[in-house]
Amino acid sequence: MTAMTLHLGRALVVALAVSASAAAASAPPFQPMFDQARQQYALPGLAMSVVEDGRVVYQHTAGERIAGSGQAIDDNTLFKIASNSKAMTAALLARLVDRGVLRWDDPVITYLPQFRMHDRWVTEHMQVRDLLIHNSGLGLGAGDLMLWPEPNAFTRQDIIAGLAHLKPVTSFRSGYAYDNLMYVVAGEVAAAAGGKPYDQLLREEVFVPLGMQRCQAGAWSVTAAGNVAQPHTRRDGRNVPINVDGDTSPDLSSMAAGGIRCSLKDMTRWMQVLLDPALVPGWLSAAQRQALWTAHMPMPIGARQRDWDRAHFSAYGYGWRLSDLDGQWKVAHTGTLSGMYSSLALLPDRHVGVVLLINGEGEDARTALMQAALKHYTAPGDGRGVRDYASLLQAEQRQRRQAGHARPDTRVRRPANLHISAGWQGRYRDPWLGEASLCPQAGQLRLHVDKSPALQGAVMQSGDRWLVQWDTLGADAEPWLQVQPGTPPVLTLRAIDPDIDFSYDYQDLQFTRIGDCP
């Protein structure tokens with residue numbers, strides 16, 4: 001080997017090393033973020049995709065569809081996307097507006113004459129657009145117990161009928177309060193205007209034209225679809241499957257609000273088309289695309305948004321949350337179901353999108369991972385990663401506990417005395433949740449809601465109060481139970497945990513006794 005050859009060889013090695021170092025420095029750090037999130041939160045499965053200028057710059061999956069099964073998650077695995085379904089419902093309605101079969105300002109009763117709100121004026125003036133922007137005047141999550149826990153026997157017709165019995169907490173259109181029932185109504189408006197069931201319209205107007213080949217809505221065969229992630233909860237430090245699918249997934253009443261399932265590949269395609277309309281020319285007009293992402297209802301800005309995002313505005317569009325992140329426009333939504341979490345965020349001016357799908361208890365995981373991923377684009381010098389945001393979330397939780405937002409200790413409990421409760425036992429009815437029983441069974445006093453199999457459990461005494469220990473739901477979902485003496489007696493429920501999921505809207509229930517136990 002000559003000296004010149006040796007010199008050239010060393011130069012090439014140095015050049016390659018410099019090139020590799022530069023590439024490593026410029027490569028998006030999404031893999032370390034992904035790994036940190038899985039490790040920090042011990043997730044059973046996680047799927048993530050990042051789109052930039054129409055290209056998929058990162059896509060990765062890890063974990064199992066069912067913990068311990070050995071069945072790996074991949075980009076075709078179906079996840080429950082929960083409330084990320086709302087944007088698809090809004091897009092379906094926008095397609096129908098483009099076709100001229102409905103208008104955003106049409107009264108809801110034009111399509112659903114049976115629709116009733118508690119107030120007659122609101123019934124007559126509720127427009128299609130109002131169904132999508134959480135301005136109904138109802139309280140946070142009002143009526144959600146007709147949707148969840150799943151499965152239950154409430155039909156979409158039951159839900160529409162139940163709305164008339166839900167009392168508003170503010171005046172119509174005066175403020176924002178997140179709800180799900182209005183999206184169920186929106187799905188039925190789409191069906192009435194489009195002349196076909198909601199799930200069929202969704203396939204024809206959204207899934208098929210966009211090439212979202214694995215997405216599922218309506219009743220579908222889990223066996224035939226295969227490759228389906230199942231939800232998990234954490235018990236004794238382990239991920240335990242819950243609410244596992246049977247051979248068939250039923251036609252869920254919650255479909256238009258949060259009942260769609262899609263794969264990572266589908267959600268990546270969804271982001272690409274939203275960011276670049278040229279990918280599917282004519283799918284939505286420019287006017288309707290703008291309508292979806294217009295700020296229709298102001299939303300409050302939380303302390304975390306101000307501190308983390310430096311946000312100046314927050315609002316709801318049609319199926320989307322709109323805000324600013326480090327001075328850049330952000331369009332996003334999350335999805336939450338028991339044991340399933342999703343998050344999708346777009347930076348339209350940057351042509352960037354990020355989606356996360358989790359089949360475990362992943363609320364903090366999705367928050368920390370999404371924040372770190374978006375900051376890569378909006379504040380590249382910030383330097384904070386998943387673990388940093390996880391620490392901030394833990395600090396928030398400590399502050400809430402110190403401020404009195406801690407769940408009371410109810411671990412010491414005993415079955416309610418059957419003799420003391422004898423005068424209150426019987427059959428009860430709530431105007432919107434329907435009939436229930438407070439009756440002895442196998443030596444215990446039990447509460448059972450007829451149309452919701454998950455809402456049944458033993459009545460226990462903790463201190464001088466009664467609570468309901470649900471058979472299949474966790475302690476975080478338990479309510480206090482109180483009987484108001486009278487003729488007839490009235491049962492009420494109140495959440496024990498101050499941080500309970502708002503869909504457990506126990507405060508809206510009032511069961512009146514209608515008869516004796518069988």
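The structure displayed is predicted, hence computed values, not measured ones.
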*Who pairs with H60 by ring pair (Phe, Tyr, Trp, His ring centres under 6.0 Å), at least two apart in sequence or on another chain?*
F34
_Salt bridge present between R238 and D236 (N-O < 4.0 angstrom)_ = no
*Within a reach of under 6.0 Å around CD of Q200, are more than 12 heavy atoms found that belong to other residues, nucleotides or ligands?*
yes
*Reported CG-to-CG distance for the pair L92 and L202, which is rounded to 0.5 angstrom*: 6.0 Å
*In terms of ring plane angle, is the pair W270 and W320 parallel, tilted or perpendicular, where the classes change at 30° and 60°?*
parallel
*Distance from D75 atom CG to L357 atom CG, nearest 0.5 Å?*
11.0 Å
*Check whether the side chains of Q394 and D364 place a donor and an acceptor atom closer than 3.5 Å, and report yes or no.*
no
*With the threshold set at 4.0 Å, does a side-chain nitrogen-carboxylate oxygen contact exist between D53 and R55?*
no
*Does a donor on one side chain sit under 3.5 Å from an acceptor on the other, for Y316 and H333?*
yes
_Just so I know, are the side chains of R384 and L392 near enough to count as touching, which here means a heavy-atom distance under 4.5 Å?_
yes
*asked:* If you define the side chain from C-beta out and look only at heavy atoms, does anything of L78 sit under 4.5 Å from W220?
replied: yes
*Please say whether more than 12 non-hydrogen atoms of neighbouring residues, nucleotides or ligands are located less than 6.0 Å from CD in Q213.*
no
*Donor-acceptor pair between N359 and E64 side chains, under 3.5 angstrom*: no
*To the nearest 0.5 angstrom, please state how far the CG atom of L210 sits from the CG atom of L274.*
7.5 Å
*Verify the distance criterion only: is there a donor paired with an acceptor across the side chains of E150 and S254 at less than 3.5 Å?*
yes
*Rounded to the nearest 0.5 Å, how far apart are CG of L275 and CG of L347?*
8.5 Å
_Please tell me whether T268 and Q59 have a donor and an acceptor in their side chains that are separated by less than 3.5 angstrom._
yes
*asked:* Quick test of your reading of the model: are R310 and D326 salt-bridged, counting only N-O distances below 4.0 Å?
replied: yes
*Should the heavy atoms of other residues, nucleotides or ligands under 6.0 Å from CG of D409 be counted, would the total exceed 12?*
yes
*Check side-chain hydrogen bond (donor to acceptor under 3.5 Å, both in side chains) between Y176 and all other residues, then give those that pass, not counting sequence neighbours.*
none
*Using a distance-only test with no angle check, is there a side-chain donor-acceptor pair under 3.5 angstrom linking R65 and N227?*
yes
*Any side-chain heavy atom of W293 within less than 4.5 Å of one from L346?*
yes
*Answer yes or no: is there a donor N or O on one side and an acceptor on the other, between the side chain of D266 and the main chain of C215, under 3.5 Å?*
yes
*Supply the atom-to-atom distance E361 CD to Y341 OH, rounded to the nearest 0.5 angstrom.*
4.5 Å
_Any pair counted as salt bridge (Lys or Arg N to Asp or Glu O under 4.0 Å), so long as it reaches residues 388-400, sequence neighbours left out_ = R304-E396, R400-D499
_Donor-acceptor contact present, side-chain R203 to main-chain A217, <3.5 Å_ = yes
*side-chain hydrogen bond (donor to acceptor under 3.5 Å, both in side chains) partners for R269, two or more places apart*: none
_Proximity of Y389 and W308 rings by center, below 6.0 Å_ = yes
_Non-neighbouring partners of T89 that pass side-chain hydrogen bond (donor to acceptor under 3.5 Å, both in side chains), sequence neighbours left out_ = Y198
*Do S503 and L147 have side chains that get closer than 4.5 Å, going by heavy atoms?*
no
*Indicate yes or no: does R407 engage E478 in a salt bridge with an N to O separation below 4.0 Å.*
yes
*Are any side-chain N or O atoms of S174 and backbone N or O atoms of T170, one a donor and one an acceptor, separated by less than 3.5 Å?*
no
_Atom pair NZ/CG of K80 and N243 - distance to nearest 0.5 Å_ = 6.0 Å
_With heavy-atom distances below 4.5 Å as the criterion, would you say the side chains of M340 and F79 are in contact?_
yes
_Between S462 and R465, is there a side-chain donor-acceptor contact under 3.5 Å, judged purely by atom types and distance?_
no
*asked:* Just to verify, what does D98 make a salt bridge (charged side-chain N to carboxylate O under 4.0 Å, His left out) with, not counting sequence neighbours?
replied: none
*asked:* The criterion is side chain to side chain contact (heavy atoms under 4.5 Å, CB included); which residues satisfy it with S314, sequence neighbours excluded?
replied: M299, I301, Q305
*With distance as the sole test, does T248 use its side chain to make a donor-acceptor pair with the main-chain N or O of P250 at under 3.5 Å?*
no
*Partner set under ring pair (Phe, Tyr, Trp, His ring centres under 6.0 Å) for W104, not counting sequence neighbours*: Y318
*asked:* Using modelled atom types and a 3.5 Å cut-off, is there a donor and acceptor pairing between side-chain atoms of D505 and backbone atoms of G143?
replied: yes
*Mind checking what makes salt bridge (charged side-chain N to carboxylate O under 4.0 Å, His left out) contact with D508, not counting sequence neighbours?*
none
*A82: partners by side chain to side chain contact (heavy atoms under 4.5 Å, CB included), with sequence neighbours left out*: L337
*Pairing residues for D476 by the side-chain hydrogen bond (donor to acceptor under 3.5 Å, both in side chains) criterion, not counting sequence neighbours*: none
*No-hydrogen, no-angle side-chain donor-acceptor test under 3.5 Å, R173 and S136*: no
*Yes or no on side chain to side chain donor-acceptor pair (under 3.5 Å) for T77 and R261, after CA distance, side-chain angles and deciding distance?*
CA-CA 10 Å; T77 301; R261 298 203 214 187; over 6 Å; no
*Of the non-hydrogen atoms in F30 and V57, which two are nearest, and what is the gap between them?*
CE1-CG2, 4.5 Å
*With a 4.5 Å limit on heavy-atom distance, are the side chains of D74 and K265 in contact?*
no
*May I ask you to check whether Q328 and Y377 show a side-chain donor-acceptor distance below 3.5 Å?*
no
_Side chain R413, main chain T410, donor-acceptor under 3.5 Å_ = yes
*Answer with yes or no whether the side chains of D324 and H312 bring together a donor and an acceptor at under 3.5 Å.*
yes
*asked:* Would you say that D144 contacts F502 through its side chain, given a criterion of any heavy-atom pair below 4.5 Å between the two side chains?
replied: yes
*Hey, is E188 close enough to R156 for a salt bridge, meaning N to O under 4.0 Å?*
yes
_Proximity of H376 and Y58 rings by center, below 6.0 Å_ = no
*Side chains of D245 and Q230: is there a donor and an acceptor less than 3.5 Å apart?*
yes
_List the residues meeting salt bridge (charged side-chain N to carboxylate O under 4.0 Å, His left out) with R494, not counting sequence neighbours, and say none if there are none._
none
*Say whether K86 and S83, considering side chains only, have a donor N or O and an acceptor N or O under 3.5 Å apart.*
yes
_For the backbone of P453 and the side chain of Q456, can you confirm whether one donor and one acceptor N or O come within less than 3.5 Å of each other?_
yes
*asked:* Within the structure provided, determine whether N152 and M146 are in side-chain contact (heavy-atom separation under 4.5 Å).
replied: no
*Side chains of N76 and S263: donor-acceptor distance under 3.5 Å anywhere?*
no
